[in-house]
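See below for the structure under consideration.
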Protein chains: 2
Amino acid sequence: MDLHSIKVACSSCNLRELCIPVGLGAEELAQLEQLIPFRRRVRRGGTLFSAGDPFTSLYAVRSGFFKTCITTVDGRDQVTGFQMAGEILGLDGIVQDKHSCSAVALEDAEVCVLPFDKLEQLSREFSTLQHHLHRIMSREIVRDQGVMLLLGSMRAEERLAAFLLNLVQRLHARGFSKTEMVLRMTREEIGSYLGMKLETVSRTFSRFQEDGIIEVKQRYVRILDADALQRIVNHGDTDA
Amino acid sequence: MDLHSIKVACSSCNLRELCIPVGLGAEELAQLEQLIPFRRRVRRGGTLFSAGDPFTSLYAVRSGFFKTCITTVDGRDQVTGFQMAGEILGLDGIVQDKHSCSAVALEDAEVCVLPFDKLEQLSREFSTLQHHLHRIMSREIVRDQGVMLLLGSMRAEERLAAFLLNLVQRLHARGFSKTEMVLRMTREEIGSYLGMKLETVSRTFSRFQEDGIIEVKQRYVRILDADALQRIVNHGDTDA
DNA sequence: CGGAGAGTTGACTGCCTTCAAGGCACGTGG
DNA sequence: CCACGTGCCTTGAAGGCAGTCAACTCTCCG
């Protein structure tokens, strides 16, 4: 394991508006900083945790990019999400004291380790933190339900359009461009997340490009007509 | 609203092994009972809460059967889950202080109302309750990820087989038959949940019946060969 | 008895998958 | 510096699974 014993200062972290600290007071923040013993680096391709690993901590992504995926006994495999800076990993592990999915870094990454027992202890003292933790878990539930909607009732074009808009919006909230991005994941991983085959992902990218909605070159994507993408999501009305 | 002011005794509830009380001590249980002000009845077809309603409470199903569904602005609609006795509704509402989905009773139902602020307050006092609440939220996240796997990587037969096994297993845990059940939802609702059309649901039921795996008559379903169903889930190896 | 909602079944269409071949980008080593 | 290998991506052709449209049946209940 690749650990740092450097103490992390949430109060001076540039992610404090996106991460756990949102809305916490000064004293709570100070306490929160106490409980974070270290950061952990994960190299590209490395796993932060694997399905079955004992659950001890939540992880806040500080930098880098992750995917989470589940594998079934019969070899079925599915990406359940992509996580970027400020997002929380590991909530799946609480219920059974072991992780039910694996978290893999898609690029070199760094996470803050939040020992869960200490987080619970602290959230018994500070109701703001407690409520915040509950909100984070609830947000994950709502997010998952959105994915269920996407997988259950959208067609390929709609899924990919929704995916691109979601990704660029999250990147924008982190100070990146509203229209350009470099994808960290392969077509296959996108397909796994969206419930389609990599060829279909590729073809759909090409169709969007033909229609002048986006510009694609391998991992690079530029959104030329965000409204058109949004219209595609909103019931596949492809007319301009 | 159809309310009871009758106090509920968790300690004498026949669902205590399935519901919130699991694993709580006597004192915690006593406190928990204090916070439940009333039960609420919902008639078949009635809504416990609708998307957009202010969030105040979680609900523990005491009797009856619910579906939760989300509706998008463009009219897309999807069932995100079915809930039976002992299961918790409303976790989606925490993050935005309003519900993001609607809960509809599929048969006359009764729920215990758990005001969330009081639940948080109590869980600051009792770490067992606190951890239990976290487990319930984590369980929901893991459940949703299972549905994502189903929707993203299974074919129609596999989805329905997984659905039937899941349903009968949950009913069995509540003392019902391991092989027989009466569905509370329509083909359309099953289809919406499983990401398929009602005709496909119906056809798949018929095929299972032809294959001697189940017996179906409208809402009544009897599982004749649970192993065959399990094999279908495990990668569609339809051979016996 | 009649109407309405729910479910079944058939025929046809179409979207996505499958299978296959080829192209592009990048890193390594001669 | 360029050849070569590898992983990733693109594109084409053909086929299958589920969707669509439509007709009919069943069940329940007023």
Side-chain angles (χ1 to χ4, degrees), chain A residues 44-45 67 76-79 104 106-107 150-161 163-164 181-211 214-222 232 235-236 238, chain B residues 43-45 67 76-79 104 106-108 150-164 181-211 214-222 232 235-238:
Chain A
R44 178 186 155 138
K67 69 170 177 181
R76 233 184 278 267
D77 196 274
Q78 171 126 353
V79 174
V104 177
L106 296 180
E107 61 181 4
L150 181 144
L151 291 171
S153 72
M154 288 188 179
R155 294 178 315 113
E157 287 195 353
E158 300 165 0
R159 294 183 195 190
L160 190 62
F163 173 72
L164 289 175
M181 58 186 155
V182 175
L183 302 175
R184 300 292 151 182
M185 68 295 274
T186 67
R187 300 291 190 259
E188 184 165 22
E189 285 160 343
I190 296 173
S192 174
Y193 179 59
L194 297 178
M196 44 207 262
K197 294 291 154 186
L198 70 94
E199 294 96 328
T200 308
V201 174
S202 179
R203 270 185 252 272
T204 309
F205 267 125
S206 301
R207 201 171 320 138
F208 284 172
Q209 179 156 252
E210 282 166 31
D211 296 349
I214 62 174
E215 188 190 325
V216 198
K217 193 163 188 199
Q218 305 288 118
R219 303 280 176 104
Y220 169 84
V221 177
R222 170 183 219 143
I232 290 173
H235 219 249
T238 348
Chain B
R43 297 233 164 266
R44 180 188 157 138
K67 68 170 177 182
R76 235 184 275 267
D77 196 274
Q78 172 128 351
V79 173
V104 177
L106 295 180
E107 61 181 4
D108 290 355
L150 180 145
L151 290 172
S153 73
M154 288 188 179
R155 295 180 312 112
E157 287 194 353
E158 299 165 2
R159 294 183 195 191
L160 190 62
F163 172 73
L164 289 175
M181 59 186 152
V182 175
L183 303 174
R184 302 286 130 160
M185 69 296 275
T186 66
R187 300 290 190 260
E188 184 165 22
E189 285 160 341
I190 296 172
S192 174
Y193 179 61
L194 297 178
M196 43 205 266
K197 295 290 156 187
L198 69 92
E199 294 95 328
T200 308
V201 175
S202 180
R203 269 186 252 273
T204 309
F205 267 125
S206 300
R207 201 171 321 136
F208 284 172
Q209 181 158 248
E210 281 165 32
D211 296 350
I214 62 173
E215 188 188 327
V216 197
K217 194 162 186 198
Q218 305 287 119
R219 303 277 177 107
Y220 170 84
V221 177
R222 171 182 218 142
I232 289 173
H235 220 244
D237 299 337
T238 350

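Order of the sequence lines fixes the chain letters, A, B, ..., with proteins taken first and strands second; residue numbering starts at 1 for each chain.
At distances below 3.5 Å, not a single donor-acceptor pair connects side-chain atoms of R187(B) with backbone N or O atoms of T200(B). No donor-acceptor pair closer than 3.5 Å links the side chain of R219(B) to the backbone N or O of V182(B).
Between the CG atom of D211(B) and the CD atom of E157(B) there is a distance of 7.5 Å, given to the nearest 0.5 Å. Taking CD1 from I232(A) and CZ from R207(A), the interatomic distance works out to 9.5 Å, rounded to the nearest 0.5 Å. Rounding to the nearest 0.5 angstrom, the gap separating the CD1 atom in I214(B) from the CG atom in L160(B) is 6.5 Å. Rounding to the nearest 0.5 Å gives a distance of 4.5 Å between CZ of R76(A) and OG of S153(B).
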Checklist entry - With the sugar-phosphate defined as primed atoms, P, OP1 and OP2, and the base as all remaining atoms, what B/S/- string results for nucleotides 15-30 of chain D, 5' to 3', for protein heavy atoms under 4.0 Å? => result ---SSBB-----S---

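Salt-bridge formation is detected for the pair R155(B)/E158(B): a Lys NZ or Arg NE/NH1/NH2 atom is positioned less than 4.0 Å from an Asp or Glu carboxylate oxygen.
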Throw together a table of side-chain donor-acceptor distances under 3.5 angstrom for residues 189-199 of chain A, partners on residues two or more places apart or in other chains.
unit_1  : atom_1 : unit_2  : atom_2 : d
E189(A) : OE1    : T186(A) : N      : 2.9
E189(A) : OE2    : K67(A)  : NZ     : 3.0
S192(A) : OG     : V79(A)  : N      : 2.9
Y193(A) : OH     : R143(A) : NH1    : 3.4

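Mapping heavy-atom proximity under 4.0 Å, the span of DNA chain C touched by chain B runs 5' to 3' from dA6(C) to dA11(C).
In this structure, S206(A) reaches the dT11(D) phosphate: one of its side-chain N or O atoms is under 4.0 Å from OP1 or OP2.
To the nearest angstrom, C1' of dT10(D) lies 12 Å from CZ of F205(A). Between the CG atom of L183(A) and the P atom of dC8(D) there is a distance of 14 Å, rounded to whole Å.
Not a single side chain to side chain donor-acceptor pair (under 3.5 Å) links R222(B) to another residue, sequence neighbours left out. Checked against salt bridge (Lys or Arg N to Asp or Glu O under 4.0 Å), E188(B) has no partners two or more places apart in sequence or in another chain.
Each end of the helix from dC1(C)-dG30(D) to dG30(C)-dC1(D) gets its own rotation axis from five pairs of C1' atoms, and the angle between them is 30° to the nearest 10 degrees.
Base contact: S202(B) has a heavy atom under 4.0 Å from a base atom.
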